[in-house]
Amino acid sequence: MSTYTGNRALQIEEPLIFEMGQPGRCGVDLPEPSKVKDRLNGLKRAGEIGLPGLSEPQVVQHYTRLSQKNYAIDMGVYPLGSCTMKHNPRINEKVARLPGIGDLHPLQPVSTVQGALELIDRLAHWLKTLTGMPAVAMSPAAGAHGEMCGMMAIAAALEARGERAKRRVVLAPESAHGTNPATAAALGFTVKPIPANDRGRVDLTALKAALGPDVAAIMLTNPNTCGLFETEIVEISRAVHEAGAFFYCDGANFNAIVGRVRPGDLGVDCMHINLHKTFSTPHGGGGPGAGPVVLSAALAPYAPYPWIVKDDGDTWRVAEDGAAVDGKPLGRLKAFHGQMGMFTRALSYIMSHGADGLKQAAEDAVLSANYVMASLQDVMTPAFEGPCMHEALFDDSFLKDTGVSTLDFAKAMIDEGYHPMTMYFPLVVHGAMLIEPTESQAKEDLDLFVGALRALAERAKSGTAAEDFKAAPRFAPRRRLDETLAARKPVLRWRPSNNPPEGDPMKQAAE
């Protein structure tokens with residue numbers, strides 16, 4: 001049944017803000033600007049720029065209604081795998097907004113930001129302690145930027161050894177994150193994939209066969225993207241180092257082992273740490289993130305500027321000279337000193353938990369994932385045998401001959417009130433469904449989530465619901481898009497017309 005307004009109870013039909021506006025309407029009354037000399041060099045605007053005209057209540061109502069259409073970690077279980085979408089404690093936000101922290105400016109005199117520099121150094125100390133590494137570069141802006149930093153340090157170390165020209169190959173396991181081979185390729189390395197074994201881990205025999213005098217490094221994710229700990233990681237590290245190469249570890253999944261395992265003890269040479277994952281700073285939405293990189297003694301001399309050092313007495317300063325850091329730094333990777341807001345939130349999280357609390361968070365994250373795995377393994381098909389780490393990985397075998405695809409299953413989850421899990425990734429598993437509950441969710445919330453997935457799995461296997469699955473989601477503000485058409489003919493600009501452009505996937509969705 002349709003309604004006159006298009007609304008469905010509290011599910012309000014929401015037009016675009018451009019469709020709501022009326023010429024001449026405005027929520028503020030601004031004074032006429034004073035006359036100034038035209039400095040636009042003939043480029044002065046000839047007409048209106050087309051901004052919508054709305055009153056203040058209209059603007060507030062519009063964006064409030066839009067916010068209610070978004071699923072978020074503050075609304076319920078967010079099962080997205082390989083991303084660690086965890087709760088952000090509000091104390092972190094309070095601390096980040098304190099006077100003297102929230103209003104800092106990077107160009108202030110160093111004498112006025114002594115506390116901020118000490119905060120950065122304190123966080124660096126925690127990161128080195130938790131990873132068992134002697135040095136850390138704090139400035140990288142996010143995980144992929146941290147990967148770039150680590151691999152640049154490896155390239156610099158090889159250059160110092162006179163081996164940069166011959167060591168051109170980077171080994172990337174098939175279970176690694178996609179940014180790993182992309183980073184290596186961006187730096188001019190040739191990427192060679194290493195297959196996984198039937199246990200979902202790196203095939204050690206294939207790895208050893210690939211090692212040689214042309215290999216610069218391996219980029220390995222641990223725990224890997226299948227949600228499994230690389231049980232032969234010490235042997236992998238030993239083989240890589242014996243071949244004269246370096247061991248880069250992707251730290252995106254550090255949340256599963258923080259306080260339990262120190263990567264430095266496993267032979268890791270460098271690892272980026274996603275503060276916005278492991279240490280709960282706001283995740284997604286385009287940033288900002290933070291990706292500090294911890295470095296072994298062999299790579300520490302090549303870390304980028306800046307370094308926070310303490311001179312004689314109690315004065316902190318920002319060092320940008322080799323003599324201050326005893327090495328051959330790469331130079332700057334970005335402006336200023338890193339993401340101060342992320343540093344503050346991460347340190348607040350670390351200090352409020354303490355070493356024992358961080359360890360418990362990792363243990364609870366692993367417990368939650370194994371609870372989901374154990375609760376679903378009789379109706380869904382785990383991709384690999386045995387316990388998992390921080391995320392439970394299923395394949396689509398349980399959907400065989402049902403007419404329901406992984407995508408259909410995920411769309412049906414929306415009708416149950418859940419954001420879908422990560423689908424079709426990692427690529428080494430057919431029809432992958434990757435679930436990471438983290439440590440944030442209460443058992444009763446996980447039980448409800450598990451119950452919903454069990455019900456969907458049993459309905460799919462009944463053999464009578466394929467069409468219902470293909471029509472999902474039914475209760476969302478918009479139905480399923482033609483995703484192929486949307487990718488091939490994206491509509492990126494609103495046009496003031498009652499007729500959307502030909503091939504508009506939103507038109508089909510509305511219908």
Side-chain angles (χ1 to χ4, degrees), residues 81-82 147 150-151 154-155 157-158 163-164 166-254 256-257 261 263 265-272 296 298 381-391 393-395 397 422 424-432 434:
S82 193
E147 289 179 26
M151 290 304 296
I154 287 174
L158 292 173
E163 298 182 356
R164 178 70 174 90
K166 73 172 184 176
R167 292 190 178 270
R168 308 289 301 174
V169 175
V170 170
L171 306 181
E174 292 179 348
S175 60
H177 283 141
T179 50
N180 295 170
T183 296
L187 288 173
F189 290 103
T190 299
V191 179
K192 179 182 292 186
I194 302 297
N197 58 28
D198 56 6
R199 297 173 54 247
R201 279 94 172 169
V202 172
D203 187 321
L204 185 59
T205 301
L207 169 66
K208 289 182 175 180
L211 288 170
D214 60 339
V215 174
I218 184 174
M219 297 185 75
L220 179 146
T221 305
N222 190 44
N224 67 27
T225 309
C226 296
L228 304 171
F229 191 85
E230 293 286 351
T231 52
E232 295 179 301
I233 189 169
V234 173
E235 181 62 24
I236 290 171
S237 172
R238 184 180 299 115
V240 167
H241 289 142
E242 287 177 354
F246 289 94
F247 185 177
Y248 184 96
C249 184
D250 185 310
N253 297 334
F254 191 44
I257 60 174
V261 178
D265 297 337
L266 304 176
V268 170
D269 287 301
C270 57
M271 182 180 84
H272 79 265
S296 66
T381 43
F384 301 101
E385 294 183 1
C388 59
M389 289 293 291
H390 58 302
E391 52 197 1
L393 177 60
F394 299 91
D395 62 30
S397 298
T422 297
Y424 301 115
F425 182 79
L427 300 178
V428 294
V429 172
H430 190 275
L434 188 60

Has [X] got a side-chain atom pairing as donor or acceptor with [Y]'s backbone, closer than 3.5 angstrom?
X: N180; Y: T183; value: no
X: R201; Y: R199; value: yes
X: S175; Y: T225; value: no
X: T381; Y: D395; value: yes
X: N253; Y: P223; value: yes
X: R168; Y: G188; value: yes
X: E391; Y: S82; value: yes
X: N222; Y: E230; value: yes

Taking every non-hydrogen atom, the tightest pair across [X] and [Y]:
X: V215; Y: A245; value: O-CB, 3.6 Å
X: L393; Y: A432; value: CD1-CB, 3.9 Å
X: V428; Y: C226; value: CG2-SG, 3.8 Å
X: I218; Y: V240; value: CG2-CG2, 3.7 Å
X: E147; Y: D250; value: OE2-OD2, 3.3 Å
X: H390; Y: A256; value: CB-CB, 3.5 Å

Heavy-atom check, side chain of [X] versus side chain of [Y], under 4.5 Å:
X: L220; Y: I194; answer: no
X: V170; Y: Y248; answer: no
X: P426; Y: L434; answer: yes
X: L204; Y: V202; answer: no
X: S237; Y: L266; answer: no

Inset, instruction - Walk me through it: do M151 and F246 pass the test side-chain contact (heavy atoms from CB on, under 4.5 Å)? - result: CA-CA 9 Å; M151 290 304 296; F246 289 94; over 6 Å; no
Inset, instruction - Just do the side-chain contact (heavy atoms from CB on, under 4.5 Å) check on C270 and I154 with the steps written out, would you? - result: CA-CA 9 Å; C270 57; I154 287 174; 3.9 Å; yes
Legend entry - Pairwise distance CG(N224) to CD(E174) - rounded to 0.5 angstrom: 11.5 Å
Legend entry - Separation between CD1 of I236 and CG of D203, rounded to the nearest 0.5 Å: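 With rounding to 0.5 Å, CD1 (I236) is 9.5 Å from CG (D203).
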Inset, instruction - Applying side-chain contact (heavy atoms from CB on, under 4.5 Å), run through E235 and K208 and close with a yes or a no. - result: CA-CA 10 Å; E235 181 62 24; K208 289 182 175 180; 3.0 Å; yes
Inset, instruction - Give the C-alpha distance, both sets of side-chain angles, the deciding distance and a yes or no for side-chain contact (heavy atoms from CB on, under 4.5 Å) between H241 and D269. - result: CA-CA 10 Å; H241 289 142; D269 287 301; 2.7 Å; yes
